[in-house]
Amino acid sequence: METGFNELLQVRRQKLDELQAKGVDPFGGKYEVTHHAQGVLDGFAQLEGQSVSIAGRMMSKRGQGKAGFAHVKDLTGSVQIYVRLDDVGEDTYQLFNKLDLGDIIGVRGTVFKTKMGETTVWAKELTLLTKSLQPLPDKWHGLKDVDLRYRQRYVDLIVNPEVQRVFVLRSQIIKAMRKFLDSRGFLEVETPTMHTIAGGAAARPFITHHNALDMQLYMRIALELHLKRLLVGGMERVYEIGRIFRNEGISTKHNPEFTMMELYQAYADYHDMMKLTEEMVAFIATETLGTTKITYQGQAIDLTPPWRRITMLDAIKEYAKVDFNEITTDEGAEKAACQLGIQVEGNPGRGKIINEVFEAFVEPHLVQPTFIMDYPIEISPLAKRKKDNPAFTYRFEAFIVCRELANAFSELNDPIDQRERFLEQVKQRAAGDDEAHMMDEDFIRALEYGMPPAGGLGVGVDRLVMLLTDSASIRDVILFPTMKPRED
RNA sequence: GAGCCACUAGCUCAGUCGGUAGAGCACCUGACUUUUAAUCAAGGUGUCGCUGGUUCGAGUCCAGCAUGGCUCACCA
């Protein structure tokens with residue numbers, strides 16, 4: 001036997017050896033499952049006295065000498081089994097006696113209700129399907145250690161039922177999103193995750209290397225530029241749900257890799273995108289939760305369309321009592337920000353100052369779903385310029401519980417303007433802003449072939465899942481969040 | 001990247017003034033043929049995150065480091 005195990009691990013390995021010595025396969029094979037736990041509970045009226053076979057992990061055991069009870073947990077829930085020496089025979093009863101919490105078993109038996117009124121499977125046969133060699137966490141307190149929960153998510157899923165619920169919901173949310181978009185004629189596509197130019201967003205990329213080509217590659221930071229190339233190619237409605245990677249800080253709202261949905265619709269504008277956003281979120285909520293009225297961390301949120309629409313400047317006027325319509329110079333903007341108590345470093349310019357004022361004074365109020373419209377051009381290098389005010393763009397972000405949920409615009413399809421915007425970004429990059437965009441000549445060339453006017457939308461899928469599952473941390477909606485390795 | 005906090009048995013947690021390391025669950029042995037956080041009796045589990053320092057003596061005090069959590073910065 002291997003050494004260096006603590007007593008608990010040694011005992012389980014010893015049991016494994018004993019089972020094998022008796023000819024029992026502790027890591028068995030196929031098992032005919034006719035019912036799930038919840039199905040047995042729900043179907044009691046029809047199933048009483050009938051034979052069922054279930055399989056799952058034994059989570060509790062109460063021996064009573066020559067009989068005993070246990071709970072078997074599967075994907076749907078857990079159901080009690082009743083094992084009696086008289087019914088299963090000496091060998092099987094010995095096996096049952098030796099079972100550990102965490103072992104995976106198959107049980108065939110008849111459905112009945114105990115004296116205490118619990119629907120239970122009265123075992124006629126019991127089969128060990130997988131011996132568990134590691135002890136489970138405390139059956140009452142579960143696994144609380146957050147570090148361990150994320151590192152050993154498999155254990156978290158076994159012992160904390162609400163965790164499983166979140167990830168089932170996540171799957172349903174994404175399914176509902178696809179259903180909504182497919183029904184509106186959007187085509188799902190896949191574009192490269194490794195880019196020669198990391199574009200489409202302001203973010204630091206991960207850098208990797210291709211050996212055979214001996215070249216540097218970036219993990220994508222957005223889906224945008226490839227999807228827009230597809231509009232040029234004539235794919236009028238496209239979307240992608242995909243992983244993107246940003247080499248930035250980790251927090252309860254940020255994981256280095258996360259899931260984004262982006263879509264592009266030819267001949268639409270950002271008003272269409274607002275309508276689509278609110279309808280899609282409402283659809284997903286209804287489909288998965290059965291309602292558009294939800295609670296997030298104790299706050300009541302109403303996702304029912306239409307959502308509030310307000311321009312960034314009007315919102316600032318409302319919450320900060322400053323009208324940037326009347327402040328047209330960089331100097332004036334800087335002065336106004338100073339008066340509001342915002343530190344301005346360098347010469348960020350009016351647009352970035354407006355955005356900082358917005359973040360400080362408006363964002364904390366955006367609890368209910370709100371579209372903030374018309375972002376400054378300086379921070380929107382891929383959005384179409386407003387006809388009546390070229391300092392702003394046809395861009396909006398959707399906010400819920402003070403967080404950005406979606407970002408969208410009427411897409412810039414003027415290649416000459418786009419080149420100038422990229423050049424401005426390149427200048428900022430040269431000045432030390434390593435989150436500024438890179439020049440993408442091929443994207444410009446694509447626009448020169450002609451991209452139809454279009455609306456585009458990006459939705460942070462993880463944040464949507466957080467909202468709909470009432471999760472406080474992004475790590476609670478990502479199965480295996482990024483963690484530093486621990487010295488074991 | 002900065003500040004604060006946490007880290008003790010497989011899990012959840014106590015640990016007083018610096019003086020031989022504790023409980024519940026889990027585990028082991030026994031009793032119990034409708035229990036349900038089953039119960040009853042008996043058993044003992046440990047690199048007190050790591051490395052140093054102070055001290056006759058450190059889980060406890062001090063310093064550094066690791067990992068995590070929260071807040072902030074960056075960002076979505």
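Naming convention: chains lettered A, B, ... in sequence-line order (proteins, then strands); numbering from 1 in each chain. Just the heavy atoms: all of them, side chains too, but no hydrogens, waters or symmetry mates, feed the values below.
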**Q** Distances under 3.5 Å between protein N/O atoms and the N/O atoms of nucleotides 41-47 of chain B, please, pair by pair.
**A**
none

**Q** Please identify each residue that fulfils ring pair (Phe, Tyr, Trp, His ring centres under 6.0 Å) with A:Trp307, with sequence neighbours left out.
**A**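 Expected list: A:Phe371.
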**Q** Expressed as a whole number of Å, how far does the C1' atom of B:C5 sit from that of B:A9?
**A**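 Rounded to whole Å, the distance is 24 Å.
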**Q** Within the 4.0 Å heavy-atom criterion, would you say A:Arg12 contacts the bases, only the backbone, or no part of the nucleic acid?
**A**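 Nothing, no heavy atom under 4.0 Å.
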**Q** Nearest to the side chain of A:Pro137 - B:U33, B:C11, B:G10?
**A**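 That would be B:C11.
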**Q** Does the ring center of A:Phe399 lie less than 6.0 Å from the ring center of A:Phe358?
**A**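 For A:Phe399 and A:Phe358, the ring centres are under 6.0 Å apart.
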**Q** With sequence neighbours excluded, what pairs up with A:Phe361 under the ring pair (Phe, Tyr, Trp, His ring centres under 6.0 Å) test?
**A**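 A:Phe361 satisfies ring pair (Phe, Tyr, Trp, His ring centres under 6.0 Å) with no residue once adjacent residues are dropped.
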**Q** Using a cut-off of strictly less than 4.0 Å between a heavy atom of the residue and any atom of RNA chain B, enumerate the qualifying residues of residues 112-122 of chain A by number.
**A**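 Those residues are A:Phe112, A:Thr114, A:Lys115, A:Met116, A:Glu118, A:Trp122.
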**Q** Compare all side-chain heavy atoms of A:Lys113 with those of A:Thr120 and state whether any distance is below 4.5 angstrom.
**A**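 No, side chains not in contact.
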**Q** Considering residues at least two apart in sequence or located in another chain, which fulfil the side chain to side chain donor-acceptor pair (under 3.5 Å) criterion with A:Gln425?
**A**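 A:Gln425 satisfies side chain to side chain donor-acceptor pair (under 3.5 Å) with A:His437 once adjacent residues are dropped.
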**Q** Quick one: are the ring centres of A:His365 and A:Tyr319 less than 6.0 Å apart?
**A**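 Yes, ring centres under 6.0 Å apart.
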**Q** Which nucleotide sits closest to the side chain of A:Asp147: B:U35, B:A76, B:U67?
**A**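 Out of B:U35, B:A76, B:U67, the nucleotide with an atom closest to A:Asp147's side chain is B:U67.
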**Q** For A:Phe27, which of A:Leu19, A:Leu129, A:Leu16 qualifies under side chain to side chain contact (heavy atoms under 4.5 Å, CB included)?
**A**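 Exactly one pass, corresponding to A:Leu16.
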**Q** For A:Asn407, which contact category applies under a 4.0 Å heavy-atom criterion: base, sugar-phosphate, or nothing?
**A**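 Counting heavy atoms under 4.0 Å across all strands, no contact is made by A:Asn407.
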**Q** Go through B:G69, B:U29, B:U33 for me and flag the one nearest to the A:Lys98 side chain.
**A**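 Nearest listed nucleotide: B:U29.
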**Q** Classify the nucleic acid contact of A:Met260 as base, sugar-phosphate or nothing, counting any heavy atom under 4.0 Å across all strands shown.
**A**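 Touches nothing.
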**Q** Taking the six-membered ring for Trp and the single ring otherwise, decide whether the centroids of A:Phe409 and A:Tyr394 are under 6.0 Å apart.
**A**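 No; A:Tyr394 has its ring centre 6.0 Å or more from that of A:Phe409.
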**Q** Within the structure shown, what part of the strands sits under 4.0 Å from A:Asn247 by heavy-atom distance: base, sugar-phosphate, or nothing?
**A**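 No contact.
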**Q** Can you find a side chain N or O atom of A:Lys15 that sits less than 4.0 Å from OP1 or OP2 on B:C28?
**A**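 Yes, within the criterion.
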**Q** I'd like to check A:Asn355 versus A:Met312 (side-chain heavy atoms, cut-off strictly below 4.5 Å). Are they in contact?
**A**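 They are in side-chain contact.
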**Q** Starting the side chain at C-beta, find the nucleotide from B:G68, B:C28, B:C11 nearest to A:Val11.
**A**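 Out of B:G68, B:C28, B:C11, the nucleotide with an atom closest to A:Val11's side chain is B:C28.
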**Q** Are the ring of A:Phe258 and the base ring of B:A76 both nearer than 5.5 Å at their centres and tilted by less than 30°?
**A**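 A stacking contact exists, since A:Phe258 sits close and nearly parallel to the base ring of B:A76.
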**Q** Which residues pass the ring pair (Phe, Tyr, Trp, His ring centres under 6.0 Å) test with A:Phe245, sequence neighbours left out?
**A**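 For A:Phe245 there are no ring pair (Phe, Tyr, Trp, His ring centres under 6.0 Å) partners, ignoring immediate neighbours.
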**Q** In residues 42-63 of chain A, what residues come within less than 4.0 Å of RNA chain B, judged by heavy atoms?
**A**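 Here the set is A:Arg62, A:Gly63.
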**Q** Students often get this wrong, so: under 4.0 angstrom with heavy atoms, is A:Glu404 touching a base, only sugar-phosphate, or nothing?
**A**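 Contact class for A:Glu404: sugar-phosphate only.
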**Q** Of A:Thr92, A:Val88, A:Thr110, which meets side chain to side chain contact (heavy atoms under 4.5 Å, CB included) against A:Lys124?
**A**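 With A:Lys124 as partner, side chain to side chain contact (heavy atoms under 4.5 Å, CB included) holds for just one option, A:Thr110.
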**Q** Taking Watson-Crick and G-U wobble pairs with both distances under 3.5 Å, convert RNA chain B into its dot-bracket string, 5' to 3', dots for unpaired and | for cross-strand pairs.
**A** ((((((...((((.....[..)))).(.(((.......))).).....(((((..]....))))).))))))....
**Q** Taking the side chain of A:Arg475 as its heavy atoms from C-beta onward, which of B:G69, B:U33, B:C25 lies nearest to it?
**A**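 Closest nucleotide among those given: B:G69.
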**Q** Can you tell me, in whole Å, how much space there is between the P of B:U47 and that of B:C11?
**A**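 Each nucleotide's P atom is 12 Å from the other's.
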**Q** When we call it a touch if two heavy atoms are under 4.0 Å apart, what does A:Ala202 touch: a base, just sugar-phosphate, or nothing?
**A**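 Answer is sugar-phosphate: A:Ala202 comes under 4.0 Å of backbone atoms only.
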**Q** Using only atom types and a distance under 3.5 Å, with no angle test, would you say the side chain of A:Asp74 pairs donor to acceptor with the backbone of A:Gly77?
**A**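 It does hold such a pair.
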**Q** Not counting sequence neighbours, which residues clear salt bridge (Lys or Arg N to Asp or Glu O under 4.0 Å) with A:Lys15? List them please.
**A**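 If we apply the salt bridge (Lys or Arg N to Asp or Glu O under 4.0 Å) test to A:Lys15, skipping adjacent residues, the hits are A:Asp100.
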**Q** Assign each of A:Asp462 and A:His71 to its nearest nucleotide of RNA chain B by heavy atoms, then name whichever residue's nucleotide is nearer the 5' end.
**A**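 Counting from the 5' end, the first nearest nucleotide belongs to A:His71.
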**Q** Check nucleotides 22-24 of chain B for protein N or O atoms closer than 3.5 Å to its own N or O atoms and list the pairs.
**A**
{"unit_1": "B:G24", "atom_1": "N2", "unit_2": "A:Asp138", "atom_2": "OD2", "d": "2.6"}

**Q** The criterion is ring pair (Phe, Tyr, Trp, His ring centres under 6.0 Å); which residues satisfy it with A:Phe392, sequence neighbours excluded?
**A**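 Ring pair (Phe, Tyr, Trp, His ring centres under 6.0 Å) check on A:Phe392 returns nothing, list empty.
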**Q** Reckon A:Gly249 touches a base, only the sugar-phosphate, or nothing at all at heavy-atom distances under 4.0 Å?
**A**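 Answer is base: heavy atoms of A:Gly249 come under 4.0 Å of a base.
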**Q** Looking only at side-chain atoms of A:Arg151, point me to the closest of B:A37, B:U67, B:C11.
**A**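 Nearest to the side chain of A:Arg151 among the choices is B:U67.
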**Q** What contact category does A:Arg149 fall into here, base, sugar-phosphate, or nothing, at under 4.0 angstrom with non-hydrogen atoms?
**A**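 Since no nucleic acid heavy atom lies under 4.0 Å of A:Arg149, the category is nothing.
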**Q** P atom, B:G49 versus B:G44: distance in rounded Å?
**A**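 25 Å, rounded to whole Å.
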**Q** Is A:Lys253 near enough to B:A76 that one of its side-chain N or O atoms lies under 4.0 angstrom from OP1 or OP2?
**A**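 So the side-chain polar atoms of A:Lys253 never come under 4.0 Å of the phosphate oxygens OP1 or OP2 of B:A76.
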**Q** Please check: side-chain N/O of A:Glu378 versus main-chain N/O of A:Gly351, any donor-acceptor pairing under 3.5 Å?
**A**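 Side chain of A:Glu378 to backbone of A:Gly351: a pair is present.
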**Q** So which one's nearest nucleotide on RNA chain B is more toward 5', A:Gln80 or A:Pro256?
**A**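 Closer to the 5' end of RNA chain B: A:Gln80.
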**Q** Give one of base, sugar-phosphate or nothing for A:Leu85, where a contact means two heavy atoms less than 4.0 Å apart.
**A**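 Answer is nothing: A:Leu85 stays at 4.0 Å or more from every strand.
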**Q** Counting just side-chain N and O atoms, does A:Lys144 come under 4.0 Å of either OP1 or OP2 of B:U12?
**A**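 Answer no for this pair, as no side-chain N or O of A:Lys144 is under 4.0 Å from OP1 or OP2.
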**Q** Going from CD1 on A:Ile54 to CD1 on A:Ile81, what distance comes out if it is rounded to the nearest 0.5 angstrom?
**A**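 A:Ile54 atom CD1 to A:Ile81 atom CD1 measures 6.5 Å (nearest 0.5 Å).
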**Q** I need the residues from residues 357-374 of chain A with at least one non-hydrogen atom less than 4.0 Å from RNA chain B; give them sorted by number, or say none.
**A**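 Output list: empty, so none.
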**Q** Crowded around A:Glu190 CD? As in, over 12 foreign heavy atoms under 6.0 Å?
**A**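 12 or below, so no.
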